[in-house]
Every structure is written in C-alpha cells, then in structure tokens.
Amino acid sequence: KPPSRLPDESFLPPSEPPHSLRSPPPNGYPVGIPRDRSSWLQYLPAIYTEDDFTGRYLLIFESVMAPIVWMIDNFDQFLSPGMAPAEWLGWMASWFDLLLLPSLPIERQRAIMRQVGWLFLRRGTQVGLEHLLELYFDAKPEIIESADQPCHFTVRLRLGRGQAALSRAVAERLIEAQKPAFAGYTLEME
C-alpha cells in the first residue's frame, strides 16, 4: 500500500468536552470540592482525621488550590488543537515557526494545528507547501517546477469568493516560510 500523503484524521478530539472541562453546576459550588471535610485529610496522620475543625480548616486551602490542581490535571487539554483556547493556537503555531493568522476562522485554525506535525515534517517539500496552502485558502494549489530555470517553481492558486480575506501577501509569506532557501518562485493568483 503506498504511503498516504495527507495526515491521518483518526486522532481528532471528541466533539463534547470531558466531564472535568464542563462548567460548574448552576448553584455555583465548584465541582470536585467536598463541602463538609477536606479530602486532604487522607494525607495526614490518623489522629487528625477525627477532628472536624481540621477537616473544615483544610477545606479552605483545598478550595483555593482547586483551580490550580484542575489546570495541572487537565493541562493536556490546553495543548490539544481541538480543545485549546483560541489564544493558545497562535502560540502553539509559533513553536513550529508556522504563520497562523487570527483573522482565519477558528475551525480552520484548529484544522491547521491538528496537522502541524505533519506539515513540519514536510517543510520545504512540494507536498507540504501544497497542503498548507490548501488548508489556508481552501483551494487546491498547482505547483509547477520550471524546466528552464533550476530551483524555480510556479504556484497557481485559484481562489473562490470566500477567500477574499486572505491576500496575496499572506500567500507570499507562507511560500517564503515553507520553500527551500535556495529556491525562487512565481505566484499566480486568480
């Protein structure tokens, strides 16, 4: 079987967030924090578990630390392109030196970030550049290597009505960042 040139889509995140990421109940009391005794009593010697005051006193600290513990326990969700806050997507794209415009629709940004590893491994290749331009412009580009000039190629990009927000400057920035340093190119946009 020949290798697939497009990334595997089987690792997409679930459509509904896990229970730990849902908002707190309407009564406003945070999920997971006990109300009468601290769950931290289990880490103390047995003599302290019988004292109600100690259980209530530790509950203060447990409720203060709960958001921090929650963030540590669920930090992997912040690194998942499907679940990460929108502000994090650009930051994560910078790890791979990938341009991610905030003006793109959030779902398109997430689609690009889901495939950032695949794109990074194919950086500087024709198939990598084709796929990146296709993700950005939602149109299949045509990349033609020049027979006359060595190390020169032409990118033809036929845009529909919906791609007016993305300009020629964006396409040039993407090509400049992804092409081999020694190669020249011509961009034709229709």
I'd like to check the side-chain contact (heavy atoms from CB on, under 4.5 Å) partners of Pro85; sequence neighbours left out, ordered by chain and number. Phe78, Glu87, Trp88
Can you confirm whether Glu145 is buried at CD, in the sense that more than 12 heavy atoms of other residues, nucleotides or ligands lie under 6.0 Å from that atom? no
Measure across Gln109 and Leu104 and return the closest heavy-atom pair with its distance rounded to 0.1 Å. NE2-O, 2.9 Å
With sequence neighbours left out, write down each residue that passes side-chain contact (heavy atoms from CB on, under 4.5 Å) with Glu50, or none if nothing qualifies. none
Determine, step by step, whether Trp118 and Val127 satisfy the side-chain contact (heavy atoms from CB on, under 4.5 Å) criterion, reporting the C-alpha distance in whole Å, the side-chain angles of both residues, the deciding distance to 0.1 Å, and the verdict. CA-CA 11 Å; Trp118 187 91; Val127 70; 4.3 Å; yes
Partner set under salt bridge (Lys or Arg N to Asp or Glu O under 4.0 Å) for Asp97, not counting sequence neighbours: Arg123
For Val64 versus Pro67, what's the shortest heavy-atom pair and its separation? O-CD, 3.4 Å
Side-chain donor or acceptor of Glu134 paired with backbone N/O of Pro141 under 3.5 Å: no
From OG (Ser80) to CE (Met92), nearest 0.5 Å: 7.5 Å
Smallest heavy-atom separation, Pro150 atom then Asp148 atom, equals CD-O, 3.7 Å
Determine which pairs satisfy side chain to side chain donor-acceptor pair (under 3.5 Å) with at least one residue from residues 174-185, sequence neighbours left out, and list them in order. Glu176-Tyr185
Heavy-atom closest pair, residues Pro180 and Gly124: CG-O, 3.5 Å
Check against side-chain contact (heavy atoms from CB on, under 4.5 Å), Leu132 and Leu98: CA-CA 10 Å; Leu132 180 65; Leu98 182 68; 3.8 Å; yes
If hydrophobic clusters are built by linking Ile, Leu, Val, Met, Phe, Trp and Tyr wherever their side-chain heavy atoms come under 4.5 Å apart, do Phe120 and Leu79 end up in the same one? yes
Neighbour count >12 (heavy atoms, 6.0 Å) for atom CD1, Ile60: yes
Smallest heavy-atom separation, Phe137 atom then Val170 atom, equals CZ-CG1, 4.3 Å
Just to verify, what does Glu142 make a salt bridge (Lys or Arg N to Asp or Glu O under 4.0 Å) with, not counting sequence neighbours? Arg156, Arg158
Taking the side chain as C-beta and beyond, is there a heavy-atom pair between Leu59 and Arg37 under 4.5 Å? no
Value for CG (Leu119) from NE2 (His131), rounded to nearest 0.5 Å, stands at 5.5 Å
Determine whether a donor-acceptor pair (N or O, by modelled atom type, separation under 3.5 Å) exists between the side chain of Gln77 and the backbone of Met83. no
Check ring pair (Phe, Tyr, Trp, His ring centres under 6.0 Å) between Phe61 and all other residues, then give those that pass, not counting sequence neighbours. Tyr57
Any side-chain donor paired with an acceptor under 3.5 Å for Ser39 and Glu62? yes
In this structure, CH2 of Trp95 is separated from CE of Met113 (nearest 0.5 Å) by 7.5 Å
Reported CG-to-CZ distance for the pair Leu121 and Phe96, which is rounded to 0.5 angstrom: 9.0 Å
Same apolar cluster (I L V M F W Y, side chains within < 4.5 Å links), Ile144/Phe182: no
Output for pair (Ile175 CD1, Leu187 CG), nearest 0.5 Å, gives 4.5 Å
Distance col, row Arg108:CZ vs Leu100:CG, nearest 0.5 angstrom, shows 11.5 Å
Minimal non-hydrogen separation, Ala86 against Ile106, with atom names: CB-CD1, 3.4 Å
Following the transitive rule for hydrophobic clusters with a side-chain heavy-atom cut-off under 4.5 Å over Ile, Leu, Val, Met, Phe, Trp and Tyr, establish whether Trp40 and Leu44 coincide in one cluster. yes
